[in-house]
Amino acid sequence: MAKRHYIPVTADIPGAASEGNCALIRKVIRTALAAEGVDFPCEVDVLLTDDAHIHTINREMRQVDRPTDVLSFPEFDLTPGELPGPEDADPGTGLVPLGDMVISMEHVAAQAKEYGHGKRRELSYLVVHSTLHLLGYDHLDEGPQKAQMRAREEAILAELGITRE
């Protein structure tokens with residue numbers, strides 16, 4: 001798969017931005033973007049952190065006073081299937097900035113254990129989930145939107161060959 005996208009992965013906790021984690025995150029994002037028809041160069045910024053920091057971000061940005069597993073901050077207000085256009089590219093880089101994701105590595109470990117699968121699968125799921133949020137998917141209802149998002153998540157994970165390991 002061509003590396004047309006810029007996906008910086010940073011961490012504010014030791015060891016989180018390992019070569020393996022960064023490679024996995026980039027592969028998952030690129031696969032999710034391709035599956036959703038994103039055929040233009042874009043940027044997705046990723047921060048790997050702990051529960052304390054994601055709690056602070058969640059409280060400051062969403063007024064939700066608790067830690068969470070993943071936060072997504074889309075650049076555009078899209079609906080599923082709608083994509084930004086070339087006119088949305090940053091003139092300096094030529095990349096369309098899709099947004100940012102923040103992932104709690106503590107939640108990755110805890111949820112992998114809780115759901116009975118590996119950390120690799122949990123991290124991949126959260127990255128797919130967040131990428132879909134950046135592309136306009138949501139799951140605030142318990143109906144069709146959530147079902148649509150879950151179906152896309154599972155299809156992308158299957159394409160990656162990621163199972164409940």
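Quick caveat, the model's predicted, so the values are computed rather than measured.
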Residue that, paired with Ile57, satisfies side chain to side chain contact (heavy atoms under 4.5 Å, CB included) out of His55, His53, Glu60: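 When His55, His53, Glu60 are each tested with Ile57, the side chain to side chain contact (heavy atoms under 4.5 Å, CB included) holds only for His53.
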
I need the single residue from Leu134, Leu98, Leu135 that forms a side chain to side chain contact (heavy atoms under 4.5 Å, CB included) with Ser72. Which is it?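 The residue from Leu134, Leu98, Leu135 that satisfies side chain to side chain contact (heavy atoms under 4.5 Å, CB included) with Ser72 turns out to be Leu134.
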
Decide yes or no on side chain to side chain contact (heavy atoms under 4.5 Å, CB included) for Val28 and Tyr125, but give the supporting numbers first. CA-CA 9 Å; Val28 171; Tyr125 170 78; over 6 Å; no

Please give me the minimum heavy-atom distance between Ala16 and Ala11, naming the atom from each residue.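 Closest heavy-atom pair between Ala16 and Ala11: CB-CB, 3.8 Å.
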
For Phe76 against Pro97, the heavy-atom pair lying closest together: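 Taking every non-hydrogen atom into account, CE1-O, 3.2 Å.
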
Roughly how far apart are [X] [atom1] and [Y] [atom2], rounded to 0.5 Å?
{"X": "Leu157", "Y": "Arg152", "atom1": "CG", "atom2": "CZ", "result": "10.5 Å"}
{"X": "Leu126", "Y": "Lys119", "atom1": "CG", "atom2": "NZ", "result": "13.5 Å"}
{"X": "Lys113", "Y": "Glu122", "atom1": "NZ", "atom2": "CD", "result": "14.0 Å"}
{"X": "Leu48", "Y": "Glu106", "atom1": "CG", "atom2": "CD", "result": "12.5 Å"}
{"X": "His117", "Y": "Ile162", "atom1": "NE2", "atom2": "CD1", "result": "10.5 Å"}
{"X": "Asp12", "Y": "Thr49", "atom1": "CG", "atom2": "OG1", "result": "3.5 Å"}

Quick one: does [X]'s side chain get under 4.5 Å of [Y]'s, heavy atoms only?
{"X": "Leu47", "Y": "Asp100", "answer": "no"}
{"X": "Leu71", "Y": "Arg62", "answer": "yes"}
{"X": "Leu24", "Y": "Ser124", "answer": "yes"}
{"X": "His129", "Y": "Val70", "answer": "yes"}
{"X": "Val44", "Y": "Thr131", "answer": "no"}
{"X": "Leu132", "Y": "Val128", "answer": "yes"}
{"X": "His5", "Y": "Glu43", "answer": "no"}
{"X": "Cys42", "Y": "Tyr6", "answer": "no"}

Assess whether atom CD of Glu114 is packed by more than 12 heavy atoms of other residues, nucleotides or ligands within 6.0 Å.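 Count over threshold, so yes.
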
For atom CG of Asp77, decide whether the heavy atoms of other residues, nucleotides or ligands shown that lie under 6.0 angstrom number more than 12.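 No, because the 6.0 Å sphere around CG of Asp77 holds 12 heavy atoms or fewer from other groups.
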
Apply side chain to side chain contact (heavy atoms under 4.5 Å, CB included) to residues Asp69 and Gln111 and explain how you reach the verdict. CA-CA 9 Å; Asp69 51 5; Gln111 289 176 177; 3.2 Å; yes

What verdict does the side chain to side chain contact (heavy atoms under 4.5 Å, CB included) test give for Val96 and Glu75, after you've listed the backbone C-alpha separation in whole Å, the side-chain angles of each residue and the deciding distance to 0.1 Å? CA-CA 9 Å; Val96 176; Glu75 183 72 22; over 6 Å; no

Can you get from [X] to [Y] by hopping between Ile, Leu, Val, Met, Phe, Trp and Tyr side chains that sit under 4.5 Å apart?
{"X": "Val46", "Y": "Val127", "answer": "yes"}
{"X": "Leu33", "Y": "Ile156", "answer": "yes"}
{"X": "Ile54", "Y": "Met61", "answer": "yes"}
{"X": "Met101", "Y": "Leu83", "answer": "yes"}
{"X": "Ile7", "Y": "Ile103", "answer": "yes"}

Flag the pair Glu159 and Lys27 as a salt bridge only when some basic side-chain nitrogen lies within less than 4.0 angstrom of an acidic carboxylate oxygen.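 Not counted as a salt bridge, because no side-chain N and carboxylate O are separated by less than 4.0 Å.
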
Where the side chain of Asp88 meets the backbone of Gly85, is there a donor-acceptor pair that is under 3.5 Å apart?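 Yes, the answer is positive, given that a donor and an acceptor are paired below the 3.5 Å cut-off.
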
Between Asn58 and Arg66, is there a donor-acceptor pair closer than 3.5 Å when you use the side chain of the first and the backbone of the second?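 Judged by distance alone, yes, a pair lies under 3.5 Å.
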
State which residue, out of Gln148, Lys146, Arg150, Glu36, fulfils the side chain to side chain donor-acceptor pair (under 3.5 Å) condition with Tyr137.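 The side chain to side chain donor-acceptor pair (under 3.5 Å) with Tyr137 is passed solely by Glu36 among Gln148, Lys146, Arg150, Glu36.
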
Asp51 side chain to Ser104 side chain, donor-acceptor N/O pair below 3.5 angstrom: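 Checked: Asp51/Ser104 side chains pair up, N/O donor to acceptor below 3.5 Å.
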
